[in-house]
2 protein chains.
Amino acid sequence: MARNKAFDEIEVLDKAVELFWTKGYNTTSANDLVDGLGLSRSSLYDTYGDKRSLFIKALKRYKHEFADAVITMFQETENVKETISTVLQLIIDQDCHAVNPKGCFIVNTATELSGTDPEIATIIDSNRQDFENAIENALKLGQQKGQISSKQDAKALARYFINTFFGLRVSIKANNNPKILKDIMTVSLSILD
Amino acid sequence: MARNKAFDEIEVLDKAVELFWTKGYNTTSANDLVDGLGLSRSSLYDTYGDKRSLFIKALKRYKHEFADAVITMFQETENVKETISTVLQLIIDQDCHAVNPKGCFIVNTATELSGTDPEIATIIDSNRQDFENAIENALKLGQQKGQISSKQDAKALARYFINTFFGLRVSIKANNNPKILKDIMTVSLSILD
DNA sequence: TTAATTAAGGAACGATTGTTCCAATAAATG
DNA sequence: CATTTATTGGAACAATCGTTCCTTAATTAA
């Protein structure tokens with residue numbers, strides 16, 4: 001009866017993630033989207049609704065694609081400290097040689113929009129909560145196994161490490177000198193000794 | 001010979017700090033500035049130049065008004081751990097009951113602009129460096145006095161604490177629940193024991 | 001073929017962006 | 001007084017913003 005969609009909605013959404021991740025919400029214009037997604041203005045608005053709707057779809061896509069992968073690492077880990085170390089190193093490697101560090105799409109969005117857009121703030125916070133739960137459970141297991149010290153409360157430690165991740169995303173934008181980042185990583189991890 | 005300025009340039013600049021601090025650079029429009037500063041459009045451009053110039057003046061003003069005060073605290077401290085604790089508590093108190101946490105003007109600017117504006121990136125980084133030096137020296141003194149452990153390198157520790165400050169600014173925007181923030185503070189400080 | 005749907009291109013919308021400029025008024029000094 | 005500067009308000013600028021809509025072409029299925 002009718003023509004099929006010529007483009008892969010998910011594929012285009014990934015391009016939107018890339019654009020919003022790099023430039024943020026306000027600085028990414030409708031024209032930037034038309035150019036970057038390779039869609040006509042009409043198809044864009046027909047398929048994804050307005051700019052904000054597309055942004056929220058992109059943000060959720062990022063969460064499922066990137067953030068959830070890290071959460072899974074904590075859910076399946078055999079060694080929490082090792083996993084935390086791996087995640088810190090991933091964050092550093094992603095941006096430490098970049099001219100314009102992208103940081104984390106969710107952290108960027110938290111600073112840009114969570115103060116003014118309650119729906120987006122909810123997404124941000126639920127992500128934070130998911131991380132807290134996953135890391136707390138992983139830490140508890142590690143403490144039971146005697147892999148890490150039991151001096152500190154697991155929940156408090158989880159919150160501490162999330163704060164470390166957040167901080168690293170900002171530190172990288174302030175100065176992505178690998179030596180500085182390595183220092184932060186080493187000291188932050190030593191809390192588990 | 002001629003009329004005097006009717007408004008205090010510094011006073012107006014402080015209002016600009018407030019506006020840019022709260023809303024960021026891109027979201028603060030020229031009209032917002034006219035309304036918020038209580039100046040006519042013409043006086044505004046006559047006195048401060050264009051929007052970006054005004055923003056940079058406001059950013060530098062913030063640094064000298066707020067950031068430098070904290071740096072001085074570290075330069076004059078008798079007890080580093082106490083001072084770090086005080087600063088962490090100040091950051092928390094500023095925003096933990098706010099509906100829209102403002103965070104730190106410099107951190108906000110780092111995430112919004114340091115990737116795209118080299119001149120602003122320089123201001124951000126020099127501020128970071130000033131903090132690093134002040135905290136490192138304070139930590140070294142504390143180690144010499146035996147007030148804190150000497151296990152860790154002072155410079156690495158300083159970088160770690162700056163990262164903690166940065167993280168806290170983001171954490172507060174993600175969820176400013178005082179319990180979460182207190183956990184972060186307690187665990188972060190325990191590195192000195 | 002016909003009908004239905006998708007896509008592209010582009011014109012057009014009103015609103016807002018940052019910025020400039022001009023005319024009028026207010027205050028200070030000579 | 002006259003002159004100089006400060007300040008205001010508002011008009012106007014071109015550019016861009018997000019968004020809508022219309023026309024035309026392409027593709028699919030009945």
Side-chain angles (χ1 to χ4, degrees), chain A residues 1-61 108-109 112-113 116-120, chain B residues 1-60 108-109 112-113 115-120:
Chain A
M1 256 207 167
R3 186 173 171 182
N4 294 335
K5 280 211 179 285
F7 57 89
D8 182 1
E9 269 197 52
I10 301 290
E11 220 170 83
V12 173
L13 194 52
D14 281 337
K15 291 185 186 171
V17 169
E18 188 67 23
L19 285 172
F20 283 129
W21 186 358
T22 309
K23 302 191 59 175
Y25 178 76
N26 285 302
T27 321
T28 305
S29 69
N31 277 340
D32 289 337
L33 292 169
V34 171
D35 294 345
L37 305 186
L39 257 68
S40 69
R41 207 175 311 273
S42 8
S43 306
L44 203 169
Y45 277 86
D46 271 5
T47 312
Y48 301 97
D50 62 10
K51 183 184 167 186
R52 182 172 169 279
S53 303
L54 173 59
F55 180 84
I56 290 178
K57 289 193 180 94
L59 188 62
K60 289 179 176 169
R61 169 97 182 132
N108 297 352
T109 304
E112 185 184 5
L113 299 176
T116 53
D117 192 317
E119 186 180 347
I120 288 176
Chain B
M1 258 214 173
R3 186 175 171 181
N4 293 334
K5 276 211 181 286
F7 58 89
D8 182 0
E9 268 196 53
I10 301 290
E11 221 171 81
V12 172
L13 194 53
D14 281 336
K15 291 183 185 172
V17 169
E18 188 67 24
L19 285 170
F20 283 129
W21 186 357
T22 309
K23 303 192 57 176
Y25 178 75
N26 284 303
T27 321
T28 305
S29 69
N31 277 339
D32 290 337
L33 291 170
V34 171
D35 294 346
L37 304 186
L39 256 70
S40 70
R41 208 176 309 275
S42 4
S43 304
L44 204 169
Y45 278 86
D46 270 6
T47 312
Y48 301 98
D50 62 10
K51 184 184 167 186
R52 182 171 168 279
S53 302
L54 173 58
F55 181 84
I56 291 178
K57 288 192 180 96
L59 188 63
K60 289 180 176 169
N108 298 351
T109 304
E112 185 184 4
L113 300 176
T116 53
D117 191 317
E119 186 181 349
I120 288 176

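Within every chain, numbering begins at 1; the chains are lettered A, B, ... in the order of the sequence lines, protein sequences first and strands thereafter. The figures here come from the full heavy-atom set of this structure, side chains too, leaving out hydrogens, waters and symmetry mates.
As rounded to whole Å, 12 Å separates atom C1' of dA6(D) from atom CD of Glu9(B). In this entry the distance linking CG of Leu44(B) with C1' of dG10(D) reads 15 Å, nearest Å. The distance between atom CG of Leu37(A) and atom P of dG18(D), rounded to the nearest whole Å, is 13 Å. Taking atom CG of Asp8(A) as the reference point, atom P of dT6(C) lies 16 Å away to the nearest angstrom. In this structure, CG of Leu33(B) is placed 15 Å from P of dT8(D), rounded to the nearest angstrom. Atom CG in Leu39(B) sits about 16 Å away from atom P in dG18(C), given to the nearest Å.
Listed in residue order, the members of residues 14-27 of chain A having a heavy atom less than 4.0 Å from DNA chain D come to none.
In this structure, NZ on Lys60(A) lies 10.0 Å from CD1 on Ile120(A), to the nearest 0.5 angstrom. The distance from atom CZ of Phe55(B) to atom OG1 of Thr28(B), rounded to the nearest 0.5 Å, is 8.5 Å. Separating the CD1 atom in Ile56(B) from the CG atom in Asp117(B) is a distance of 6.0 Å, to the nearest 0.5 Å.
Listed by chain and number, the residues in a side chain to side chain donor-acceptor pair (under 3.5 Å) with Glu11(A) amount to none (sequence neighbours excluded). In this structure Ser42(A) satisfies the side chain to side chain contact (heavy atoms under 4.5 Å, CB included) test together with Ser40(A), sequence neighbours excluded.
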Stepwise side-chain contact (heavy atoms from CB on, under 4.5 Å) check, Asp14(A) with Asp8(A): CA-CA 10 Å; Asp14(A) 281 337; Asp8(A) 182 1; over 6 Å; no
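Leu13(B) approaches Leu54(B) most closely through the heavy-atom pair CD1-CD1, 3.9 Å.
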Protein-to-nucleotide contact annotation, 5' to 3' order, nucleotides 19-24 of chain D [B base; S sugar-phosphate only; - none; under 4.0 Å, heavy atom]: BBB---
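Pairs passing the salt bridge (charged side-chain N to carboxylate O under 4.0 Å, His left out) check and including a residue from residues 32-46 of chain B, sequence neighbours excluded, read Lys23(B)-Asp32(B).
For the pair Ser40(A) and dG9(C), the criterion of a side-chain N or O lying under 4.0 Å from OP1 or OP2 is not met. Listed pair Ser43(A) / dA7(C) fails the phosphate criterion, with no side-chain N or O lying under 4.0 Å from OP1 or OP2.
Listed by first residue number, the stems of DNA chain D with at least three Watson-Crick or G-U pairs below 3.5 Å are C:1-12 with D:19-30, C:15-17 with D:14-16, C:19-30 with D:1-12.
A donor-acceptor pair under 3.5 Å is formed between the side chain of Glu112(A) and the backbone N or O of Tyr25(A).
Within the cation-pi definition used here (under 6.0 Å to the ring centroid, within 45° of the axis), Lys51(A) does not qualify as a partner of Phe20(A).
Residues Leu37(A) and Leu19(A) have side chains in contact (heavy-atom distance under 4.5 Å, counting atoms from C-beta outward).
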